[in-house]
Amino acid sequence: MKVLVIGGDGYCGWATALHLCNKGYEVGILDSLVRRYWDLKLSVDTLTPIAPIKTRIKRWEDLTGKSLPLFIGDITDYDFLSKTLHEFEPEAIVHFGEQRSAPYSMIDREHAVLTQVNNVVGTLNLLYAMKSDFPDCHLVKLGTMGEYGTPNIDIEEGYITIEHNGRKDTLPYPKQPGSFYHLSKVHDSHNIHFACKIWGIRATDLNQGVVYGVLTEQTGIDELLINRLDYDGIFGTALNRFCIQAAIGHPLTVYGSGGQTRGFLDIRDTVRCVELAIANPADAGQFRVFNQFTESFSVGDLALMVKKAGVAMGLNIEINHLENPRVELEEHYFNPKNTKLLDLGLQPHYLSDSLLDSLLNFAIKYKDRVDLEQILPKVTWKR
Ligand code: NAD
Ligand code: USQ
């Protein structure tokens with residue numbers, strides 16, 4: 001099967017492209033490289049020294065003998081997108097190609113607008129391109145668990161059955177996103193759902209939790225294939241940040257009381273979930289939603305787990321409760337369902353001491369690349 005990975009130069013996309021290629025899929029990468037540009041503009045950098053896109057692809061092709069065609073361009077440019085689809089003729093499209101940082105989207109008006117235009121227009125272009133020329137292609141779109149927010153009831157996978165005034169219906173689960181970035185994902189979900197309904201497009205929305213880890217079977221085989229690992233206050237995510245902070249002796253940055261609870265998953269499960277979605281496509285006209293995470297943790301508990309693993313390795317670790325720069329509930333109910341990917345055969349890698357040890361050791365290996373100026377959060381949600 002031919003699979004186009006949009007955003008294939010990014011954290012999840014690079015690992016997924018190599019995984020699918022290794023599994024025998026014919027994979028192409030589309031990426032505008034805009035994430036590398038945003039890093040430069042913000043003076044932030046991945047902990048790991050990622051190779052230029054053409055270098056990392058050539059290394060993969062030389063090592064494996066498998067070809068990995070590259071299309072450099074922006075999916076908000078419809079002509080480029082349409083031309084690429086005609087050239088590659090995908091049977092499935094995995095769409096990771098969005099601005100994915102909540103803090104980035106909250107910097108100011110300009111960054112909120114950029115995030116929503118980039119994400120919503122890119123996805124809408126894709127839907128139109130599929131409708132006109134690739135109506136049977138399966139769209140596997142990365143959404144986020146943050147679309148749901150933190151309601152005081154169980155979170156279902158995409159839909160909820162409600163009885164109201166004696167009548168009953170199954171409706172999209174209510175959305176209460178917590179940033180302009182998370183809102184862009186809600187807008188995408190609505191657009192995709194509508195396109196499935198009116199044009200018969202087949203789509204799977206993967207509401208992914210926070211991803212942690214860096215090594216996958218493929219990205220670990222050669223230094224030139226190394227994946228990005230963000231630790232800065234804008235693109236770095238909770239557990240990855242805590243491990244890198246622990247490695248350099250910086251107090252762990254828990255925002256507020258630390259009771260915020262989220263779904264998490266290992267990057268080795270991200271690649272497998274995407275493979276499962278592609279191998280078991282949605283029906284024509286179906287808009288499926290899978291909650292893609294394997295375990296829930298509060299941020300405070302994660303910090304304690306990192307501290308325990310780090311202390312066992314001889315590191316000196318403190319936990320700091322910073323004033324929360326975000327507006328979010330710090331103590332709340334959180335019970336999301338996640339059975340659909342398990343039913344398709346997902347065998348999760350649960351967070352373990354050995355994974356924390358390997359992430360900490362990985363962070364220690366590259367700790368000289370850390371810019372201390374980039375650790376503390378600088379973006380606030382507040383006025
Ligand atoms: P990333 O920033 O590492 O990668 C995104 C890639 O998309 C980058 O290489 C970027 O250059 C490219 N891109 C962005 N806009 C584009 C456009 N208009 N045209 C072409 N390419 C474009 O992000 P990531 O962490 O790999 O996240 C990938 C996807 O998964 C995102 O949609 C994100 O919302 C979702 N997600 C990520 C996480 C996580 O913890 N990292 C969790 C849940 C969901
Ligand atoms: N947090 C801290 N300390 C930190 C960083 C974060 O306490 O140093 C807290 C935040 O306040 C938040 C939680 O940890 O409550 C998660 O924050 P995060 O930065 O790890 O993740 P988030 O902003 O939600 O975004 C990330 C990805 C995004 C994806 C989302 C999945 O960047 O692309 O959509 O995780 S989810 O959280 O399930 O919506």
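Here, residue 1 is the first one in the sequence, and each next residue gets the next number. Numbering of ligands and ligand atoms starts at 1, following listing order.
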Residue, atom name and distance, where the atom is the protein heavy atom closest to atom 33 (O) of ligand 2 = Arg100 O, 2.7 Å

Is the shortest distance from a Lys or Arg side-chain nitrogen in Glu157 or Lys337 to a carboxylate oxygen in the other one below 4.0 Å?
-> no

Would you call Glu275-Arg272 a salt bridge at under 4.0 Å N-O?
-> yes

Side chain, backbone, both or neither: which part of Arg36 has a heavy atom under 4.0 Å from ligand 1?
-> neither

Which atoms of ligand 2 sit under 4.0 Å from any heavy atom of Met145?
-> 38 (O), 39 (O)

Below 3.5 angstrom, do we get any N/O pair linking Thr144 and ligand 1?
-> no

Hey, are the side chains of Asp45 and Asp371 touching, using non-hydrogen atoms and a 4.5 Å cut-off?
-> no

Arg241 N/O under 3.5 Å from ligand 2 N/O | yes

Is the Phe287 ring parallel, tilted or perpendicular to the Tyr159 ring (thresholds 30°, 60°)?
-> perpendicular

Distance-only N or O hit between ligand 1 and Gln99, under 3.5 Å = no

Enumerated ligand 1 atoms positioned under 4.0 Å from heavy atoms of Leu33 = 11 (O)

Ala102 heavy atoms, cut-off 4.0 Å: which ligand 2 atoms fall inside?
-> 23 (O)

How about Ile244 and Leu229: do any of their side-chain heavy atoms sit closer than 4.5 Å?
-> yes

Do Trp14 and Phe96 make the cut of ring centroids closer than 6.0 angstrom?
-> no

Identify the closest protein heavy atom to atom 1 (N) of ligand 2: which residue and atom is it, and at what distance?
-> Tyr255 CD1, 3.5 Å

Nitrogen or oxygen of Trp38 less than 3.5 angstrom from that of ligand 1 | no

N/O to N/O below 3.5 Å, does that happen between Thr76 and ligand 1?
-> no

Residue pair Ile72 / Leu33, side-chain heavy-atom distance below 4.5 Å = yes

Find all atoms of ligand 1 within a distance of less than 4.0 Å from any non-hydrogen atom belonging to Lys185, and give their numbers and elements.
-> 31 (C), 32 (O), 33 (C), 34 (O)

Parallel, tilted or perpendicular, as decided by the 30° and 60° cut-offs, for the rings of Phe88 and Phe71 = perpendicular

By number and element, which atoms of ligand 2 are closer than 4.0 Å to a non-hydrogen atom of Val299?
-> 2 (C), 7 (O), 9 (C), 13 (C), 14 (O)

Distance-only N or O hit between ligand 1 and Cys12, under 3.5 Å = yes

If you measure from each heavy atom of Met145 to ligand 1, is any distance below 4.0 Å?
-> no

Close N or O approach (Thr237, ligand 1; < 3.5 Å) = no

For the residue pair Tyr148 and Tyr173, categorise the inter-ring angle as parallel (less than 30°), tilted (30 to 60°) or perpendicular (more than 60°).
-> perpendicular

Identify which of Phe264, Tyr181, Phe96 has a heavy atom lying nearest to atom 31 (C) of ligand 1.
-> Phe96

Would you say Val34 and ligand 1 have an N/O pair spaced under 3.5 Å apart?
-> yes

Using 4.0 Å as the upper bound for N to carboxylate O, is an ion pair formed by Glu217 and Lys23?
-> no

Answer with yes or no whether the side chains of Asn119 and Ser184 bring together a donor and an acceptor at under 3.5 Å.
-> yes

May I ask whether Gln208 has any heavy atom positioned less than 4.0 angstrom from an atom of ligand 2?
-> yes

Is Arg36 paired with Asp9 through a side-chain N to carboxylate O contact shorter than 4.0 Å?
-> yes

Of all the non-hydrogen atoms in the protein, which one sits nearest to atom 35 (O) of ligand 2, and at what distance?
-> Val210 CG2, 3.5 Å

For ligand 1, which part of Phe235 has a heavy atom less than 4.0 Å away: the side chain, the backbone, both, or neither?
-> neither

Check each atom of ligand 1 against the heavy atoms of Asp74 and keep those under 4.0 Å away; list them by number with element.
-> 17 (C), 18 (N), 19 (N)

Backbone or side-chain N or O of Gly97 under 3.5 Å from ligand 1 N or O = yes

Relative to the ring of Tyr366, is the ring of Phe362 parallel (under 30°), tilted (30 to 60°) or perpendicular (over 60°)?
-> tilted

Flag yes if more than 12 heavy atoms outside Lys308 fall under 6.0 Å of its NZ atom; otherwise flag no.
-> no

Contact between Gly209 and ligand 1, counting heavy atoms under 4.0 Å?
-> yes

Go through the side-chain N and O atoms of Asn118 and Glu98 and say whether any donor and acceptor fall under 3.5 Å apart.
-> no

His95 N/O to ligand 1 N/O under 3.5 Å | no

Can you find a pair of side-chain heavy atoms, one from Ile375 and one from Asp232, that are under 4.5 Å apart?
-> no

Other residues, nucleotides, ligands: >12 heavy atoms within 6.0 Å of Lys2 NZ | yes

Min heavy-atom dist Trp14 to ligand 1 below 4.0 Å | no

Protein residue, atom and distance nearest to atom 17 (O) of ligand 2, heavy-atom basis = Arg326 NH1, 3.5 Å

Would you please say whether a donor-acceptor pair under 3.5 Å links the side chains of Gln260 and Glu328?
-> yes

Check: of His182, Glu328, Gln260, min heavy-atom distance to atom 12 (C) of ligand 2 comes from Glu328

Looking at atom 39 (O) of ligand 2, what's its closest protein heavy atom, distance included?
-> Thr144 OG1, 2.6 Å

In ligand 2, the atoms that come under 4.0 Å of a heavy atom of Tyr181 are 28 (C), 29 (C), 33 (O), 34 (O)

Pair Arg100 + Asp230: basic N to acidic O under 4.0 Å = yes

Hey, which atoms in ligand 2 end up nearer than 4.0 Å to a heavy atom of Gly146?
-> 36 (S), 38 (O), 39 (O)

Gly143 to ligand 1, any heavy atom closer than 4.0 Å = yes

Numbering the atoms of ligand 2 from 1, which are under 4.0 Å from a heavy atom of Thr253?
-> 2 (C), 3 (N), 4 (C), 7 (O), 8 (O)

Is it true that Lys141 and Asp188 make a salt bridge, defined as a side-chain N closer than 4.0 Å to a carboxylate O?
-> yes

Protein contact to atom 26 (C) of ligand 2 [nearest heavy atom, distance to 0.1 Å] | Thr237 CG2, 3.7 Å

His95 side chain to Thr123 side chain, donor-acceptor N/O pair below 3.5 angstrom = yes

Are any of the heavy atoms in Ser101 under 4.0 Å away from ligand 1?
-> no

Output the list of atoms in ligand 2 that are nearer than 4.0 Å to some heavy atom of Gly209, sorted by atom number.
-> 31 (C), 38 (O)

Quick check, are the ring centers of His86 and Phe134 under 6.0 angstrom apart?
-> yes

For atom 20 (C) of ligand 1, which of Ser32, Gly236, Gly146 has the closest heavy atom?
-> Ser32

Is there a nitrogen or oxygen of Ile75 sitting under 3.5 Å from a nitrogen or oxygen of ligand 1?
-> yes

Taking only heavy atoms of Ala238 into account, list the atoms of ligand 2 that are under 4.0 Å away from them.
-> 14 (O), 18 (P), 20 (O)

For ligand 1, does Ile6 get within less than 4.0 Å through its side chain, its backbone, both, or neither, judged by non-hydrogen atoms?
-> neither

Is the shortest distance from a heavy atom of Lys185 to ligand 2 less than 4.0 Å?
-> no

